[in-house]
Amino acid sequence: MSKEITSRATDYSQWYNDLVIKGELADYSAVRGCMVIKPYGFALWENMRDALDKMFKDTGHVNAYFPLFVPKSLFEAEEKNAEGFAKECAIVTHYRLKADPAKKGKLMVDPEAKLEEELVVRPTSEAIIWNTYKNWIQSYRDLPLLINQWANVVRWEMRTRLFLRTAEFLWQEGHTAHATKEEAIEETVKMLDVYADFVENWMAVPVIKGVKSANERFAGAEDTYCIEALMQDGKALQAGTSHFLGQNFAKAFDVKFSDKENKLEYVWATSWGVSTRLIGALVMAHSDDQGLVLPPKIAPLQVVIVPIFKGEEQKAAIDAKVQAITTELKSKGISVKYDDNDNARPGWKFAEYEMKGVPVRLAIGARDLANNVVEVARRDTKEKSTVSLDGIADYIAQLLATIQQALYQKALTFREANITKVDSWDAFVKVLDEKGGFVAAHWDGTPETEEAIKEKTKATIRCIPLQNTLEAGNCILSGQPSTQRVLFARAY
RNA sequence: CGGGAGGUAGUUCAGCCCGGUAGAAUACCUGGUUUGGGACCAGGGGGUCGCAGGUUCGAAUCCUGUCCUCCCGACCA
């Protein structure tokens with residue numbers, strides 16, 4: 001089988017699929033729109049999940065778990081308060097199979113086993129969670145309620161793509177209830193900061209924090225905050241969202257509390273989530289035509305050691321040395337694998353681990369033993385150097401930190417080079433078509449104009465940056481006055 | 001959901017037009033030689049050709065239906 005990865009320049013979609021599949025992250029499954037996350041890919045997700053989970057707990061949140069099935073009536077309650085929720089869902093209508101009398105060995109849905117009320121497989125858990133919170137909240141003393149759930153959700157997407165948009169995906173969803181509007185907004189922004197912190201410092205992907213325009217906002221939210229990242233093909237990707245829900249859900253599900261003055265009030269709510277889509281972002285932000293490039297802080301495997309030997313005698317000497325190196329690395333919390341599989345030759349292993357994005361590779365042979373050195377190869381720059389075995393663990397620890405930083409810097413430099421200010425419609429279209437990336441342009445603030453721009457160019461407003469500087473100008477399309485630039489891009 | 005391309009060995013694919021014993025490469029197993037950037041030789045195992053019907057003496061091949069995948073578009077809390 002060809003192990004070649006399609007060039008980014010040739011076909012970006014195919015390049016992406018190659019990276020995910022040949023990098024052992026995931027594969028297609030026999031189930032419509034769903035993927036299988038392989039052990040290596042899942043180990044990556046676990047590392048991301050654990051880091052995020054710790055950040056949630058450090059900010060006062062706890063985990064819980066709510067049901068997969070949501071009675072249809074609960075969705076109707078939600079729909080009443082905010083129309084426009086997407087309705088592509090999987091729906092359970094029956095609860096039993098039976099042998100098909102017409103076809104031996106086949107099963108059929110038992111028509112006798114029809115559910116009185118259909119169950120929706122959760123596309124998100126607001127409905128079931130707020131219906132539950134109603135029973136948990138009576139007094140201001142019960143607030144704030146700061147709960148997160150790690151779960152799978154199902155959305156019957158028309159078109160799917162590994163990690164970026166699959167029918168079933170893994171995510172976390174935080175749902176919080178507060179006594180005041182100010183506190184809820186503070187929570188929304190705090191969690192956006194947590195996401196930005198994680199994506200930038202662990203995934204080494206720079207993001208822009210901002211607020212969504214009305215068109216891009218979550219249907220039940222007053223405000224949707226987001227972090228937007230830029231991929232190597234110039235398209236933007238929403239990496240996480242944090243919603244200020246106002247009292248919309250409290251009103252839909254009748255969640256009230258007595259305040260200090262014994263007055264009944266609706267609670268103020270937030271919700272926030274990131275998903276396995278982050279893995280897609282990771283792949284498209286850093287990888288190259290040789291395969292995945294993973295940031296050391298979340299890589300399932302940080303260091304791989306490949307022995308190069310002729311005969312058992314050399315192998316034994318190398319084994320002994322590697323044993324010492326491995327112990328030292330592990331004592332520093334560095335994950336390391338010694339690949340002494342004799343069936344694969346060194347060259348094959350080099351290519352294999354590059355494809356899987358292992359940050360650092362050590363190659364050690366008789367020649368190196370004699371000189372008390374080891375060959376150290378960086379995945380990100382492909383640089384190789386010969387390093388003394390004395391103090392090698394410190395050197396590697398330092399190198400991993402350097403790689404983490406270098407990946408972030410490289411992605412940041414790329415993004416900064418791909419934010420373009422434009423002041424005319426012609427320039428706007430030209431930049432989108434020829435350069436891509438974020439386009440900073442004036443917009444008159446109306447949904448109609450945004451829609452018209454999307455219609456003409458497929459570009460949407462990714463966000464209105466939080467730290468925006470105010471600047472008078474005229475809308476790129478309508479010419480109406482505007483007070484600030486917003487970021488447009490074509491997006492995933 | 002519209003348009004296009006596909007589903008044959010673990011994997012990538014040929015065979016299909018023009019029906020007649022199921023193929024290649026690679027991976028895997030055995031033995032040997034190898035090992036500093038995807039090794040080589042010899043031998044071997046492995047597939048109800050996505051599924052269900054139909055036509056036919058005979059179907060991977062023709063027809064109908066259906067499921068699934070990929071690409072483009074629409075959709076996307």
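Order of the sequence lines sets the chain letters (A, B, ...), proteins ahead of strands, with each chain counted from 1.
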Checklist entry - side chain to side chain donor-acceptor pair (under 3.5 Å): which pairs involve residues 362-376 of chain A, sequence neighbours left out? => result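 Pairs touching residues 362-376 of chain A that pass the test: A:Asn372-A:Asp390.
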
Compare the minimum distances between each of [options] and the side chain of [X], then state the nucleotide with the smallest one.
| X | options | answer |
| --- | --- | --- |
| A:Glu352 | B:rC70, B:rG38, B:rA77 | B:rG38 |
| A:Thr124 | B:rC71, B:rG37, B:rA77 | B:rA77 |
| A:Pro123 | B:rG73, B:rG37, B:rA77 | B:rA77 |
| A:Arg165 | B:rC76, B:rC70, B:rG37 | B:rC76 |

Item to check | Backbone of A:Thr166 reached by a side-chain donor or acceptor of A:Arg277 within 3.5 Å | outcome: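 Flag not set: sc A:Arg277 to bb A:Thr166 has no pair under 3.5 Å.
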
Checklist entry - Between residues 149-157 of chain A and RNA chain B, which residues have a heavy-atom gap below 4.0 Å? => result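 Here the set is A:Arg155, A:Glu157.
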
Item to check | Sub-4.0 Å heavy-atom contacts from residues 271-287 of chain A onto RNA chain B, ordered by number | outcome: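 Residues of residues 271-287 of chain A that come under 4.0 Å of RNA chain B do not exist, since none gets that close.
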
Item to check | salt bridge (Lys or Arg N to Asp or Glu O under 4.0 Å) involving A:Lys456 - partner list, sequence neighbours excluded | outcome: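 Counting only residues at least two positions away or on another chain, A:Lys456 forms no salt bridge (Lys or Arg N to Asp or Glu O under 4.0 Å).
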
For nucleotides 30-36 of chain B, give me every protein contact, N/O to N/O, under 3.5 Å, one pair per line with atom names.
unit_1: B:rG36; atom_1: OP1; unit_2: A:Arg345; atom_2: NH2; d: 3.2
unit_1: B:rG36; atom_1: O6; unit_2: A:Arg367; atom_2: N; d: 3.2
unit_1: B:rG36; atom_1: O6; unit_2: A:Asp368; atom_2: N; d: 3.4
unit_1: B:rG36; atom_1: O6; unit_2: A:Asp368; atom_2: OD2; d: 3.2
unit_1: B:rG36; atom_1: N1; unit_2: A:Asp368; atom_2: OD2; d: 2.5
unit_1: B:rG36; atom_1: N2; unit_2: A:Asp368; atom_2: OD2; d: 3.4

Checklist entry - Are A:Asn343 and B:rC29 close enough that a side-chain N or O sits under 4.0 Å from OP1 or OP2? => result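 No, outside the criterion.
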
Checklist entry - Partners of A:Ala324 by side-chain contact (heavy atoms from CB on, under 4.5 Å), sequence neighbours excluded? => result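 A:Ala324 satisfies side-chain contact (heavy atoms from CB on, under 4.5 Å) with no residue once adjacent residues are dropped.
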
